[in-house]
Trainee: 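Encoded as structure tokens, here's the structure I'll be asking about.
Below, chain A is the first sequence line, B the second, and so on; all start at residue 1.
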Amino acid sequence: MKKVTEGLKAVAESVALCRPDVISAYPITPQTHIVEELAQIVADGKLKCEFINVESEFSAASTVLGASAAGARAYTATSSQGLLLMMEVLYNMAGMRLPVVITDANRAVSAPINIWSDWQDAITVRDAGLIMMYAEDNQDCCDMHYQAFKIAEDPEVQLPVMVNMDGFILTHAFDPIDFPSQADIDKYLPKFKPLDFLSANNPRSFGLMGGPDRYLETRYAMAETFKSITPVILKAADDFKKMFGRYSGGMIEEYRMEDAETVLVSMGSTISDLKEAVDTMREKGKKIGVLKIRILRPYPAAEIKQALSRCKRVICVEKAISLGGPGILAAELKSAIYSNANKPEVSNFIIGLGGRDVKQDHIFELVEKAEKGVCETEFIGLDMKLVEEMDK
Amino acid sequence: MKKVTEGLKAVAESVALCRPDVISAYPITPQTHIVEELAQIVADGKLKCEFINVESEFSAASTVLGASAAGARAYTATSSQGLLLMMEVLYNMAGMRLPVVITDANRAVSAPINIWSDWQDAITVRDAGLIMMYAEDNQDCCDMHYQAFKIAEDPEVQLPVMVNMDGFILTHAFDPIDFPSQADIDKYLPKFKPLDFLSANNPRSFGLMGGPDRYLETRYAMAETFKSITPVILKAADDFKKMFGRYSGGMIEEYRMEDAETVLVSMGSTISDLKEAVDTMREKGKKIGVLKIRILRPYPAAEIKQALSRCKRVICVEKAISLGGPGILAAELKSAIYSNANKPEVSNFIIGLGGRDVKQDHIFELVEKAEKGVCETEFIGLDMKLVEEMDK
Amino acid sequence: MTTQTAENVKLFNSGHTACAGCGLALAARLVLQATGPKVIVVNATGCLEVFTTRSPQTAWGIPWIHSLFENQAAVATGVEAALRALGRGDEARVIAWGGDGASADIGFGGISGMWERYDDVLYICYDNEAYMNTGIQRSGLTPFKGHTSTSPAGKVSLGNMKQKKNIPAIAVAHGLPYVATATVAYPKDLERKVKKAMEVRGPRYLQILVPCPLGWGHATSDTISMSKLAVETGLNPLFEYIDGKLATAMTVKQKPVEEYLKPQSRFKHLFRDAAGAEQIKLIQEIANSNFAKFKVEAVK
Amino acid sequence: MTTQTAENVKLFNSGHTACAGCGLALAARLVLQATGPKVIVVNATGCLEVFTTRSPQTAWGIPWIHSLFENQAAVATGVEAALRALGRGDEARVIAWGGDGASADIGFGGISGMWERYDDVLYICYDNEAYMNTGIQRSGLTPFKGHTSTSPAGKVSLGNMKQKKNIPAIAVAHGLPYVATATVAYPKDLERKVKKAMEVRGPRYLQILVPCPLGWGHATSDTISMSKLAVETGLNPLFEYIDGKLATAMTVKQKPVEEYLKPQSRFKHLFRDAAGAEQIKLIQEIANSNFAKFKVEAVK
């Protein structure tokens, strides 16, 4: 039964269905409606849950860390500056193997301050040890949340999961959303059974020092865990499909790639723009497809290597930048396909930073440019008059 | 005139020679001796400078940000958790184009908490818009600081510079250090002349919003700036050599690479270990060399591409990890040499995390492994008994 | 650096985009009228930054900087240190300001640190009693039983469960030489306090209540009357502490809290039933206790 | 998660690696003796975490967690919320603790937030008056004119320029129902205060002075005498505030501050010349003012 719902409110309803024990968050645009809606759900007695308003994102992350360590299913949501402020806690949470679920409403990072969408915020935590999922649309985003708790809490995983949704583009869009029933979600996602937690009945110590004699092995264990997560992610989607009839899963998604010579690679809601453009270009006879990176961590290197083993040209379309560095998606992708025999050209473009509209023409333009020669970290959609003005 | 000095104290003396107007820092191991020594230098009246003890690294970064915006030459030093806590401020400082100099005593990141050396801390800010230098030894590190201020404050640059030195390995090592005279440094590095600063005599607004109509262009301007920094870095080293007689510069350094079939790539003090191993392997007739990445941002893609255009095998030796992702140095390197005709095999290994000793045997071992076939993100130096224990 | 010269010599121009009836815009103008141009302002993220500096425009005629939501105090420390270090101490005094969220919550650690350092910075909290810039979420200064989107009135809740965090008292406990409260309905009092604060060296704290029609749910024409009623009911007493001692408090004829609560939709759930009436009694007790505490001589 | 079962049933084992004469190790044992086993402890980064939990060993016989240097308060909030949410409220009470750096400086924003939320957490600051874990740098609780490596005595400086941040007063201003100070020389007083604190619901604050022979520069056998002299000179008064009112203060016969300062190398620069003697007079004034303030009836 579908219900037209705003993206953030849909996420809030989905999270509520997962029956978190503790929610803690701090207001930041464009994430705010999630916690507002959850606050109202709790205030109306519809969800029995400790909803904790805290004084900063740093404390929001720390509060859910503490709650998770004490055995609770814990959730927080944030965006942009808030995520950066959480940074130290996020590394710590991952290192402590705490299965918190975090929604990030992807937004640009200051300076200059900008509340609109790009991926710069979440990209900054890609090394931290979080599982990172990127939603293409709001149904996908809701379904990711049910699965996120299941994956995070899997005994083989025990890691935080971050669900990413593009600010405004998804967060504030109204779409018909199919919500599962509470009974079904209760079956899909039983009560959290932590392997180990803070308890006076079993007094144990958490967060010990790891000296030079142990630290390397601890990090190795995490790296090994990441190698075994893909099957867990795939199974969560398969189980979801069995119960709810729709497949919302996969590490990557291939769109019209069967005979594609050129493949556009991207994440999140940008995929919809690319698919539309690909449909248009296909009509004109161009052999072009789209590869969606749905899960950024663990990075689906093998899947990407395979998917790009036949094409001639790859174009990464990125909404984040490593200033002074190579394209972020492009570098990881080139790393994955480095030894492919077909060795496609790889271009990458920076688009849509800080909420700049991504137009279909921009996509046509970047394909055209890449066809003329490899482009690296090239900006598309610039207002050149403004660039000149700023140069003065 | 050389003086045997501990690494951190040598950095402190070098920084004092640069006559910063404002220093602000917070204690964290292994960075602390820098600010202690500077505190003493100021307390003894040897340097006229505002030395500000603050309540956190977040505020240390914010204090130097404010000081720099008001026209002061500003300096801070930190490490590990402190750097992660500064994260939001660092992105902001770069975006505001403030030429602060930061020393990072590279240290592992929690959890588990570990005060020993690896690169995980600074690696987390590689997208932020800071110029990032990695010191191989303490003379190099001191010379980097004189140059760092010069580069940061260059009218064409106006960006923060981070100098990285490996915790304990460099910070606590005693070496003979050649310090320039104050008079010479005053000539090399004249008083900071900011292009623009907070002043009641010229009231202007700093840190405005950048909406979707301007943000993309602002980031583009930064990306373009990064393209023009390499010549400034090279000139700072050339000028330094003219004045002080020694060359401490270069984006990369090639060691015994003239006919090398295998090239080890790394950064920081690890380079010394690699050079030693290469000397040994050379004696046994192996054609092997070392490529040092001295400047990580701007990433010296062109220099690396050129330097690796003849070898058969590249081995990245990394002291940081992107959990669930590709090797950090390896991915950027593969991106740089992706289109090279020689297309060397690229392996990468994780070593020495959290202060684990890097032994010469480890280096021989990883070379041997890479020669047998490409290795990706493989850990070297593991205590396998401990790994098994932890697995239980 | 993104910079912009103000297009005219006013210290705070009308070329901003604040909502109608915004108490904050009024307060900012009053403050700068009192300080004059020899100030540098450090502004936390919030409405005041947003509605004055949409690049490339700026409403500020004084040197002004915005960095983040929570580092205004430390940035001010840095600016002040730079002026001293560069021998520019006479050029300007430093003011840091932020809303109640930036001041009482996310930025409070930094402010406490600045106070402990005893930096020569005037900190001004403009208090509209919730996160208004992000859409009316609860802050530490949200009043008892006020409805916000994260302290909502609902079937099992009657709004914000906590009393307003007492930042002025906390500031006094930090040993500040000057701590005061003000509000826009009393512009002369506000101006006098700003001037007094500028005479003192060291850390100073001024908390200005600024009604927000959107967040409080009153008519845009009622900003001044709400500001006045907050004082007259005793819910926002106006006082000064000098060197830790209560120095002045504004004397007013006490009005019942209902007069203040009723016109504001954020309190409307209190007027529905007996449970709400009980809460109003508790709010009246807060007001009474303030009246008892701040019964000192009137401003001279 | 890195976890470890304590090898025996003691709440705080002797199997730690604290320095000889460590006041902190003593305080930790005294606190847990008073609370008993039904507690969960959240520990900020610092000496106490370092010398008790070098993996895989732990000295703790109670459930214990360490996360970061500055988030102990918020982690405690989360633990406490989890216990309530999971219906385990009777299982344990939550204690957060950290050193003076973690408490008065880097973690203070989080503590203030926790106090404002009015969480049921006992916060204990073990105060050794500097960052001892990183090698004796100045904190907000470093005493006036104390030498540390970042507030050094030098040719143009006489040590720490600021008075100790008054966290107990700031805690009272936050509206805490229980605020107290203690020190290891008075173990019964300390134990009583911990027990009293555990009887109260809501946020509580206990500040325990713990001499650090290494950082203070006194003989390792003088830990208790230094702790006692801190009280007897009036530099570290022992008191309790209940519901905002001074409830008890320990009465002692006043000794001159020199008796406390002289055996500690961190004050040795004050005994060199006339300039130092002037500073000692100022320190005596601080002590005298504490004596005047805390002249209330003795503990019953």
Side-chain angles (χ1 to χ4, degrees), chain A residues 8-9 12 23-60 62 77-82 84-86 105 107 109-116 167 171-172 354 383 386 389-390 392, chain C residues 1-4 43-47 49-50 53-56 65-71 75 99-112 130-142 147-162 165 167 215 269:
Chain A
L8 293 167
K9 294 200 171 173
I23 297 170
S24 182
Y26 185 81
I28 187 164
T29 305
Q31 158 274 150
T32 335
H33 292 182
I34 295 180
V35 284
E36 287 178 354
E37 184 72 13
L38 284 165
Q40 190 69 53
I41 290 170
V42 173
D44 286 342
K46 290 178 193 160
L47 171 68
K48 210 183 137 291
C49 165
E50 293 296 325
F51 180 90
I52 318 275
N53 285 308
V54 286
E55 85 290 351
S56 69
E57 287 94 354
F58 188 85
S59 282
S62 300
T78 192
S79 185
S80 180
Q81 310 301 123
L84 264 63
L85 189 58
M86 289 182 176
R107 168 184 145 182
V109 161
S110 183
I113 186 166
N114 175 300
I115 60 168
W116 290 272
T171 59
H172 288 61
D383 175 345
L386 183 56
E389 248 173 56
M390 289 168 90
K392 282 173 210 163
Chain C
M1 243 187 296
T2 310
T3 66
Q4 186 61 30
N43 202 143
T45 305
C47 284
E49 161 260 327
V50 168
T53 63
R54 178 82 185 251
S55 183
I65 183 169
H66 156 257
S67 166
L68 300 171
F69 197 11
E70 66 280 35
N71 70 350
V75 171
D100 44 297
S103 306
D105 296 347
I106 195 167
F108 187 69
I111 293 169
S112 176
Y131 293 88
M132 298 314 183
N133 191 36
T134 45
I136 319 166
Q137 294 85 23
R138 181 198 174 278
S139 85
L141 297 193
T142 296
H147 165 97
T148 72
S149 61
T150 55
S151 66
K155 281 184 193 141
V156 297
S157 157
L158 278 162
N160 185 43
M161 304 297 285
K162 282 134 198 169
K165 186 173 182 179
I167 305 289
H269 56 289

Trainee: Using a cut-off of under 4.5 Å for heavy-atom pairs, which of A:Ser56, A:Ala25, A:Ala111 has the most such pairs with chain C?
Mentor: A:Ser56
Trainee: So do the side chains of A:Ile113 and C:Glu49 get within less than 4.5 Å of each other, counting heavy atoms only?
Mentor: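 Heavy-atom side-chain distance check passes, below 4.5 Å.
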Trainee: Counting only non-hydrogen atoms closer than 4.5 Å, does C:Leu68 touch chain A with its backbone (N, CA, C, O), its side chain (CB onward), both, or neither?
Mentor: side chain
Trainee: State the OG1-CG distance between A:Thr32 and C:Asn133, to the nearest 0.5 angstrom.
Mentor: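 One gets 9.5 Å once the value is rounded to the nearest 0.5 Å.
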Trainee: Parallel, tilted or perpendicular: which one describes the rings of C:Tyr131 and A:Tyr26, with boundaries at 30° and 60°?
Mentor: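 Perpendicular, since the angle between the ring planes exceeds 60°.
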Trainee: Which residue is it: C:Lys162, C:Met161, C:Arg138? I am looking for the one with a side-chain contact (heavy atoms from CB on, under 4.5 Å) to A:Asn53.
Mentor: C:Arg138
Trainee: Which heavy atom in C:Gln137 sits nearest to a heavy atom in A:Pro27, and how many Å separate them?
Mentor: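 Here C:Gln137 and A:Pro27 meet closest at OE1-CB, 3.3 Å.
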Trainee: What part of A:Ser110 gets within 4.5 angstrom of chain C, counting heavy atoms only: side chain, backbone, both, or neither?
Mentor: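 A:Ser110 touches chain C through side-chain heavy atoms alone.
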Trainee: Which bit of A:Ile28 comes within less than 4.5 Å of chain C, counting heavy atoms only: side chain, backbone, both or neither?
Mentor: backbone
Trainee: Any idea which of C:Thr134, C:Asp105, C:Thr148, C:Ile106 has the most non-hydrogen atom pairs under 4.5 angstrom with chain A?
Mentor: C:Ile106
Trainee: Of all heavy-atom pairs between C:Gly135 and A:Glu36, which one has the smallest distance, and what is that distance?
Mentor: O-OE2, 3.4 Å
Trainee: Kindly give the heavy-atom pair with the smallest separation between A:Ala43 and C:Pro152, and that separation in Å.
Mentor: CB-CG, 3.7 Å
Trainee: Between C:Phe69 and chain A, with a heavy-atom cut-off of 4.5 Å, which part of the residue counts as in contact: side chain, backbone, both or neither?
Mentor: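 Side chain of C:Phe69 only, per the 4.5 Å heavy-atom cut-off to chain A.
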Trainee: Measure C:Ala153 against the heavy atoms of chain A and call it side chain, backbone, both or neither at under 4.5 Å.
Mentor: backbone
Trainee: Using heavy-atom distances under 4.5 Å, tell me whether A:Phe51 contacts chain C through its side chain, its backbone, both, or neither.
Mentor: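 When you check distances to chain C, only side chain atoms of A:Phe51 fall under 4.5 Å.
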Trainee: I need the C:Glu70 CD to A:Glu55 CD distance, nearest 0.5 Å.
Mentor: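 C:Glu70 atom CD to A:Glu55 atom CD measures 11.0 Å (nearest 0.5 Å).
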Trainee: Side chain, backbone, both or neither: which part of A:Gln81 has a heavy atom under 4.5 Å from chain C?
Mentor: side chain
Trainee: Does any heavy atom of chain A fall under 4.5 Å from the side chain of C:Thr45, the backbone, both, or neither of them?
Mentor: side chain
